[in-house]
Amino acid sequence: MASILSLLIHGLALLALLPALVSAHMIEVPAGKKECFFEDLHVHDKMTVTYQVGEGGQLDIDFWLTDPQAKVISKQIRQSTGTVAVTAETDGRYEYCFSNLMSAIADKMVSFNVHGVIYVSGDDVVAPVEREIRALAAGLTSVKDEQEYMVVRERTHRNTAESTNSRVKWWSILQAIVLFSVVAWQIYYLKSFFEVKRVI
């Protein structure tokens, strides 16, 4: 029993040393501009960037990830969503950019998450409890990403529904004005048709 408790405490301590460094961001990328961010990684550290365009234009954006030598590791052109995972091969600053250079007028709202796992040597001898804790942490991160994706999708669909509702309302008001105008004109025309004209 003490051994299991010790393993559990050791696993939780390792989890505290190995935080899934999660950060969620929402940025606006103006038309004709790009926004870049960076993470400092060490050899064997892992980083995953997931993103989704929430609004603006065709809901697409260019994304690329470069290593410390400015070599492009991953490039995605005109995508609305994407996930890029990288394991650092060298120490240094890894940069990732969201580019809206292809758009002349539409600003884009981009939601993105960055997950990182700090490498700790000695993974060869991982206790089953530690392995389960890591799998659970990865699963929770995946669920969190999916929930954030659903929030962005719901916001996009709500904005579309509200816009459509507004257009239908104004179209109905315009139809009512036209209908009452035609009715008034018809009453006036028919009334004048039945009036008797007297010549004096």
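Count residues from 1 along the sequence.
Atom-to-atom distance recorded for Tyr94:OH and Phe38:CZ is 14.5 Å, nearest 0.5 angstrom. Separation of atoms CZ (Arg155) and OG1 (Thr160) is listed at 12.5 Å; rounding is to 0.5 Å. Distance check, rounded to the nearest 0.5 Å: CD1 of Ile61 to CD of Gln76 gives 11.5 Å. In this structure, the separation between CD1 on Ile73 and OG1 on Thr66 is 7.0 Å, given to the nearest 0.5 Å. Atoms CD and CG, from Glu28 and Asn100 in turn, are 9.5 Å apart once rounded to the nearest 0.5 Å. A distance of 4.5 Å separates OG1 of Thr90 from CD of Gln69, quoted to the nearest 0.5 Å.
Counting non-hydrogen atoms of neighbouring residues, nucleotides and ligands closer than 6.0 angstrom, the CD1 atom of Ile105 reaches no more than 12 such neighbours. Crowding of Arg158 atom CZ: a count of heavy atoms from other residues, nucleotides or ligands under 6.0 Å exceeding 12. For NZ of Lys169, the number of neighbouring non-hydrogen atoms (other residues, nucleotides, ligands) closer than 6.0 Å is greater than 12.
Side-chain atoms of Val53 and Gln58, non-hydrogen and from C-beta on, never get closer than 4.5 Å to each other. Between Asp67 and Glu89, every side-chain heavy-atom pair lies at or beyond the 4.5 Å cut-off. No side-chain heavy atom of Glu35 sits less than 4.5 Å from a side-chain heavy atom of Val110. A 4.5 Å side-chain heavy-atom check between Val152 and Tyr149 finds every atom pair outside the cut-off. Contact annotation: the side chain of Glu148 never approaches that of Gln52 to less than 4.5 Å [non-hydrogen atoms, C-beta and beyond].
Look at Lys33 and Asp107 and you find no salt bridge, because none of the NZ, NE, NH1 or NH2 atoms lies under 4.0 Å from a carboxylate O.
Relative orientation of the Phe37 and His25 rings is parallel, given thresholds of 30° and 60° on the angle between their planes. Phe63 and Phe98 have tilted rings, their planes meeting at an angle from 30° to 60° on a 0 to 90° scale.
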Start with the C-alpha gap between Leu65 and Met47, add the side-chain angles, then the distance that decides, and say whether side-chain contact (heavy atoms from CB on, under 4.5 Å) holds. CA-CA 11 Å; Leu65 173 68; Met47 179 178 75; 3.7 Å; yes
Asp62 and Lys75: side-chain contact (heavy atoms from CB on, under 4.5 Å), yes or no, with the steps? CA-CA 8 Å; Asp62 297 341; Lys75 189 170 189 176; over 6 Å; no
What do the steps show when you test Ile177 against Ser181 for side-chain contact (heavy atoms from CB on, under 4.5 Å), and what is the final call? CA-CA 6 Å; Ile177 291 170; Ser181 300; 4.2 Å; yes
For side-chain contact (heavy atoms from CB on, under 4.5 Å), just list the numbers for Gln175 and Leu179, CA-CA rounded to whole Å, side-chain angles, deciding distance to a tenth of an Å, and then say yes or no. CA-CA 6 Å; Gln175 282 183 326; Leu179 178 68; over 6 Å; no
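When the side chains of ILVMFWY residues are joined at heavy-atom separations under 4.5 Å, either directly or via intervening members, Val84 and Val29 end up in a single hydrophobic cluster. Following chains of ILVMFWY side-chain contacts shorter than 4.5 Å, one can reach Ile27 starting from Leu59, so the two form part of one hydrophobic cluster. Under a hydrophobic-cluster definition in which Ile, Leu, Val, Met, Phe, Trp and Tyr are linked whenever side-chain heavy atoms come within less than 4.5 Å, directly or via other members, Trp64 and Leu41 are assigned to different clusters. Cluster annotation: Tyr51 and Val114 are assigned to the same hydrophobic cluster (Ile/Leu/Val/Met/Phe/Trp/Tyr, side-chain heavy-atom contacts under 4.5 Å, transitive).
Lys34 places no side-chain N or O within 3.5 Å of a backbone atom of Leu101 that could act as its donor or acceptor partner. Remark: the backbone N or O of Glu162 is not paired with any side-chain donor or acceptor of Ser166 at under 3.5 angstrom. Thr156 contributes a side-chain N or O that, together with a main-chain N or O of Gly54, makes up a donor-acceptor pair within less than 3.5 Å. A donor-acceptor contact shorter than 3.5 Å links the side chain of Ser172 to the backbone of Val168. Remark: side-chain polar atoms of Asp91 are paired, donor with acceptor, to backbone N or O of Val43 under 3.5 angstrom.
Across Glu95 and Cys36, no two heavy atoms sit closer than the pair OE2-CB, 3.7 Å. Gly56 and Ala106 get closest at one heavy-atom pair: C-CB, 4.4 Å.
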